[in-house]
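Take a look at the structure below.
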There are 2 protein chains.
Amino acid sequence: MARKRFDDSNCSVARALNEVGDWWSLLIVLQAMYGVRRFVDFQQELGIARNILCDRLARLVDNEVLQKVEVGEHGSRQEYRLTDKGRDLFPVVIALRQWGDKWNPSPDGAPLNLRDRENGQPIRAMAVQSMDGRELTVRDVYVPEEDVPETGSQNAGSVG
Amino acid sequence: MARKRFDDSNCSVARALNEVGDWWSLLIVLQAMYGVRRFVDFQQELGIARNILCDRLARLVDNEVLQKVEVGEHGSRQEYRLTDKGRDLFPVVIALRQWGDKWNPSPDGAPLNLRDRENGQPIRAMAVQSMDGRELTVRDVYVPEEDVPETGSQNAGSVG
DNA sequence: CAATAGGGTTGCATTACGAAACCAAATTAA
DNA sequence: TTAATTTGGTTTCGTAATGCAACCCTATTG
């Protein structure tokens, strides 16, 4: 049967995964953050099959993560650029990258080091924070009683 | 042909997606963060096919994101619990959730609100930060020249 | 002792993915 | 000016992954 979709799930993680939760989409967004904009370049950087790339780009455009821009005089040259929505995936990508670097260190050498353009310092480790800046773990948070989603659909009861 | 895998990619995002980048794995981890530990509960909460759930749980255990624990006297009752590695996905999940809440608001009602156990306040929006706490966008970071990965394999040149 | 719950496995139909070939418009090279 | 190349796709086809349902075995409950 068809792959299950979660467009109308009342879990926003599920809805998010619906848009960028497949093998390629996030990598495409990552490349876009690296500055890649052209079909051929995505294809070469990722080694993705062209038909799949077409499909993913179209879906990302549909979901307004990317925007397709005609460049060149008579059309026939396109660019795929990140929208604000797409750029907003930056924390997701960085969180994932840091997790990967920490728990699956690169087989050959140092992790990609990202630096603050302003002073050349490395960036901070991503963390869930309280309003006053404390770092929160899974156990430090909860869902208020009145907001606990009913079980059996997509969300379980308590966090922690 | 086989779905492309990225075990040995020198991009840590790709390696991370290799472990939790499919449709179900992150949702399973999310449920685990909600406190779900039993096979049947995962199955009911997610509505996932049982064989797929088996496969994903086994893979997550292999990758040390979950740990399988025998409970009950004579075996035959298992629990799947998050490891430190799994719990460390918290920032990833929260970043994804906040992105989903912002750009694909729940069709029926308010987003799941997570609160700080210590004072009942909501948590902060995830952000990539500089060492001194400034919020950084994609354009505020760069990769130092000597660390720029060669093009054509898995990473493009510059960030921004 | 029968019924049920927990945790899987097996078979089968449907769908998605990957590789390579093919295509057409627009550039560039000769 | 014609031929080759680049860009952005689509088509075809074989393989892999998914979902559903049915089945299995071991504990526990009634």
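The figures here come from the full heavy-atom set of this structure, side chains too, leaving out hydrogens, waters and symmetry mates. All chains are named by letter (A, B, ...) in the order of the sequence lines, taking the proteins before the strands, and each is independently numbered beginning at 1.
- Summarising the geometry, atom CG belonging to B/Asn51 is positioned 9.5 Å from atom CZ belonging to B/Arg56; distances are rounded to the nearest 0.5 Å.
- The nearest whole Å value for the distance from the CG atom in A/Asp41 to the C1' atom in D/dT6 is 11 Å.
- Annotation: side-chain hydrogen bond (donor to acceptor under 3.5 Å, both in side chains) contacts of B/Asp140 (sequence neighbours excluded): B/Thr137.
- Whole-Å rounding puts the B/Ile52 CD1 to D/dA21 C1' distance at 14 Å.
- Dashed line: the shortest gap from a side-chain N or O of A/Tyr80 to OP1 or OP2 of D/dG9 is under 4.0 Å.
- Counting only heavy atoms from C-beta on, A/Cys54 has its side chain closest to D/dG9 among C/dG8, D/dG9, C/dG18.
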With the criterion being N/O to N/O and under 3.5 Å, what pairs connect the protein with nucleotides 21-23 of chain C, and how long is each?
none

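- Under 4.0 angstrom from either OP1 or OP2 of C/dA16 there lies no side-chain N or O belonging to A/Trp24.
- One interatomic measurement links the two molecules: CZ of B/Phe42 to P of C/dG7, which rounds to 10 Å at whole-angstrom precision.
- B/Lys85 and B/Asp88 are not joined by a salt bridge, as no carboxylate oxygen comes within less than 4.0 angstrom of a charged side-chain nitrogen.
- Rounding to whole angstrom units, CZ of residue A/Arg77 and C1' of D/dG9 are separated by 13 Å.
- Rounding to whole angstrom units, CD of residue B/Glu79 and C1' of D/dA27 are separated by 16 Å.
- The side-chain hydrogen bond (donor to acceptor under 3.5 Å, both in side chains) check on B/Gln67 picks up nothing, with sequence neighbours excluded.
- Regarding A/Leu17, its CG atom lies at a distance of 14 Å from the P atom of D/dT18, rounded to whole Å.
- As a whole-Å value, the separation of A/Ile28 CD1 from D/dG8 P is 14 Å.
- Using a cutoff of 4.0 Å between basic side-chain nitrogens and carboxylate oxygens, B/Arg59 and B/Asp62 are not scored as salt-bridged.
- Mapping B/Leu57 and A/Asn51 onto DNA chain C by nearest heavy atom places B/Leu57 closer to the 5' end of the strand.
- Using a 4.5 Å heavy-atom cutoff, the side chains of A/Leu89 and A/Glu19 are not in contact.
- Residue A/Gln44 contributes atom CD, which lies 11 Å from atom C1' of D/dT6 at whole-angstrom precision.
- Phosphate proximity of C/dA5 to B/Arg38: absent, as no side-chain N or O sits under 4.0 Å from OP1 or OP2.
- No continuous path of ILVMFWY side-chain contacts below 4.5 Å connects B/Phe42 to B/Val40, so the two sit in separate hydrophobic clusters.
- Dashed line: the shortest gap from a side-chain N or O of B/Gln78 to OP1 or OP2 of C/dG8 is under 4.0 Å.
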